[in-house]
Peer 1: 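Here's a structure for you.
Remember, predicted model here, so these are calculated numbers, not experimental data.
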Amino acid sequence: MDFQRQLLAQLMDPLLPTNRKDFRDEDVCKHFLVAFCPQEQFVNTKVDLGRCHKVHDDKLALDYRRSPDRGKLGYEYDFHQFLLVLGEDVDRVIRMGHSKLGTKADLVGLTPQDEVKENIIALEAMAEPKLEALEHFGRLGKLKEAYDLQLALEKIYAELEVVRQDDVTDPSFRADKRMDVCVVCGALLANDANTLRLDAHLGGKQHQGYIKVRDALEAFKVLDLIVEKSTYQAQDDV
């Protein structure tokens with residue numbers, strides 16, 4: 001019921017038509033104008049930053065990127081600083097994860113409870129894109145598509161309930177399974193041959209979100225090098 005109320009509130013959230021707005025308006029997300037909104041990358045994940053309630057509109061972003069004021073209003077700097085904090089936080093989580101695994105007989109074996117948690121993570125990863133698509137179809141008024149996705153989500157959530165109540169070891173459980181740390185998002189993973197679980201993790205919202213953050217940070221590094229090289233060349237020409 002809470003999920004339904006939350007979804008309804010999101011669908012009914014009033015936004016001004018973009019032709020009446022300016023990208024400089026206070027309620028416009030400046031991160032989205034630069035590239036993307038980091039907060040929206042992690043909604044409904046373990047590192048949920050909270051939903052951004054500002055306006056995200058492609059037309060406004062295009063207006064900004066075509067504007068002569070682009071790069072002069074501090075939006076890129078603020079965006080970069082936000083990404084740096086996210087990157088530093090996840091790198092700290094990764095270091096802590098490696099440290100914990102290293103202090104427990106090198107690598108820690110999965111317990112039955114760990115196996116249950118891994119199954120929960122895989123199911124939650126399956127639900128994430130369907131939930132996003134449901135919200136999208138709801139906004140577009142595509143009721144049939146939204147209804148079909150709602151049925152699929154209910155099936156996944158029902159399976160989640162069963163898994164959460166089940167503390168019996170899966171028949172495929174092996175005591176020699178080991179844990180590893182994802183070097184992108186810091187999640188603990190079973191280092192085994194379960195490709196379904198691995199694919200669910202790699203395609204999950206949290207992992208994909210950190211890929212986007214890291215790619216953007218790398219782009220800023222390249223940009224800094226270009227600017228630095230241009231500055232040196234200008235000084236040499238003087």
Peer 1: Could you check whether any side-chain heavy atom of Asp78 comes within less than 4.5 Å of a side-chain heavy atom of Glu76, counting everything from C-beta outward?
Peer 2: no
Peer 1: What's the verdict on side chain to side chain contact (heavy atoms under 4.5 Å, CB included) for Val181 and Met96, showing C-alpha distance, side-chain angles and the deciding distance?
Peer 2: CA-CA 10 Å; Val181 181; Met96 290 175 60; over 6 Å; no
Peer 1: Could you tell me whether Lys59 and Asp57 have a side-chain N and a carboxylate O separated by less than 4.0 Å?
Peer 2: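 No, no charged N to carboxylate O under 4.0 Å.
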Peer 1: Could you state the interatomic distance from OG (Ser67) to CG (Leu62), rounded to the nearest 0.5 Å?
Peer 2: 11.0 Å
Peer 1: Do you know the tightest heavy-atom contact between Phe32 and Asp58?
Peer 2: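 Closest heavy-atom pair between Phe32 and Asp58: CZ-OD1, 3.3 Å.
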Peer 1: With the side chain counted from C-beta on, respond yes when His80 and Val34 share a heavy-atom pair under 4.5 Å apart, and no when they do not.
Peer 2: no
Peer 1: Going only through I, L, V, M, F, W and Y residues with side-chain contacts under 4.5 Å, is there a path from Tyr64 to Tyr77?
Peer 2: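 No, it is not one cluster - the side chains of Tyr64 and Tyr77 are not joined through contacts under 4.5 Å.
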Peer 1: Just wondering, do Cys37 and Lys30 contact through their side chains at under 4.5 Å, heavy atoms?
Peer 2: no
Peer 1: Is any side-chain heavy atom of His31 closer than 4.5 Å to a side-chain heavy atom of Leu83?
Peer 2: no
Peer 1: Counting only N and O atoms by type, is there a donor-acceptor contact under 3.5 Å from the side chain of Gln39 to the main-chain atoms of Gly50?
Peer 2: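 Side chain of Gln39 to backbone of Gly50, a donor-acceptor pair under 3.5 Å: yes, one is there.
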Peer 1: Of all heavy-atom pairs between Cys52 and Glu40, which one has the smallest distance, and what is that distance?
Peer 2: N-OE2, 2.9 Å
Peer 1: If two hydrophobic side chains count as joined below 4.5 Å and joins carry through other members, does Leu86 share a cluster with Val93?
Peer 2: no
Peer 1: Within the structure provided, determine whether Cys29 and Val55 are in side-chain contact (heavy-atom separation under 4.5 Å).
Peer 2: no
Peer 1: Could you work out, with ring pair (Phe, Tyr, Trp, His ring centres under 6.0 Å) as the rule, every residue matching Phe36, not counting sequence neighbours?
Peer 2: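 With sequence neighbours excluded, Phe36 shows a ring pair (Phe, Tyr, Trp, His ring centres under 6.0 Å) to Phe79, given in chain and number order.
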Peer 1: Please find the pair of heavy atoms, one from Val90 and one from Cys185, that lie closest to each other, and give the distance.
Peer 2: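 What the structure gives for the nearest pair is CG2-O, 3.4 Å.
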Peer 1: Please name the pair of heavy atoms, one in Arg24 and one in Asp69, separated by the smallest distance, quoted to 0.1 Å.
Peer 2: NH2-OD2, 2.9 Å
Peer 1: Arg92 and Asp89: salt bridge (Lys or Arg N to Asp or Glu O under 4.0 Å), yes or no, with the steps?
Peer 2: CA-CA 5 Å; Arg92 183 163 52 250; Asp89 286 346; 2.5 Å; yes
Peer 1: Before giving the answer on side chain to side chain contact (heavy atoms under 4.5 Å, CB included), spell out for Ile211 and Val184 the whole-Å C-alpha distance, their side-chain angles and the decisive distance to 0.1 Å.
Peer 2: CA-CA 7 Å; Ile211 286 179; Val184 172; 3.8 Å; yes
Peer 1: Please name the pair of heavy atoms, one in Phe42 and one in Val47, separated by the smallest distance, quoted to 0.1 Å.
Peer 2: CD2-CG2, 3.6 Å
Peer 1: Identify whether the distance between the nearest side-chain nitrogen and carboxylate oxygen of Lys212 and Asp215 falls below 4.0 Å.
Peer 2: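 Answer for the salt bridge query: no.
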Peer 1: List the steps and the verdict of side chain to side chain contact (heavy atoms under 4.5 Å, CB included) for Phe82 and Val213.
Peer 2: CA-CA 10 Å; Phe82 196 100; Val213 168; over 6 Å; no
Peer 1: Over all heavy atoms of both residues, which pair between Asp48 and Asn44 is shortest? Give the atoms and the distance, please.
Peer 2: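 Asp48 and Asn44 have their closest heavy atoms at OD2-N, 2.9 Å.
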Peer 1: So Leu60 and Arg65, do their side chains get closer than 4.5 Å, heavy atoms only?
Peer 2: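 Arg65 vs Leu60: side chains apart.
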Peer 1: Are Leu49 and Leu217 joined in one hydrophobic group, where the rule is that I, L, V, M, F, W and Y side chains link up if heavy atoms are under 4.5 Å apart?
Peer 2: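 The answer is yes; both residues are in one hydrophobic cluster.
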Peer 1: Which residues pass the ring pair (Phe, Tyr, Trp, His ring centres under 6.0 Å) test with His207, not counting sequence neighbours?
Peer 2: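 So His207 forms a ring pair (Phe, Tyr, Trp, His ring centres under 6.0 Å) with His201.
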Peer 1: Mind running side chain to side chain contact (heavy atoms under 4.5 Å, CB included) on Lys205 and Gln41 for me, showing each step along the way?
Peer 2: CA-CA 7 Å; Lys205 192 169 185 178; Gln41 308 308 307; 5.9 Å; no
Peer 1: Do Asp91 and Arg214 meet the salt-bridge criterion of a basic N to acidic O distance under 4.0 Å?
Peer 2: yes
Peer 1: Is there a donor-acceptor pair under 3.5 Å between the side chain of Asp25 and the backbone N or O of Lys21?
Peer 2: no
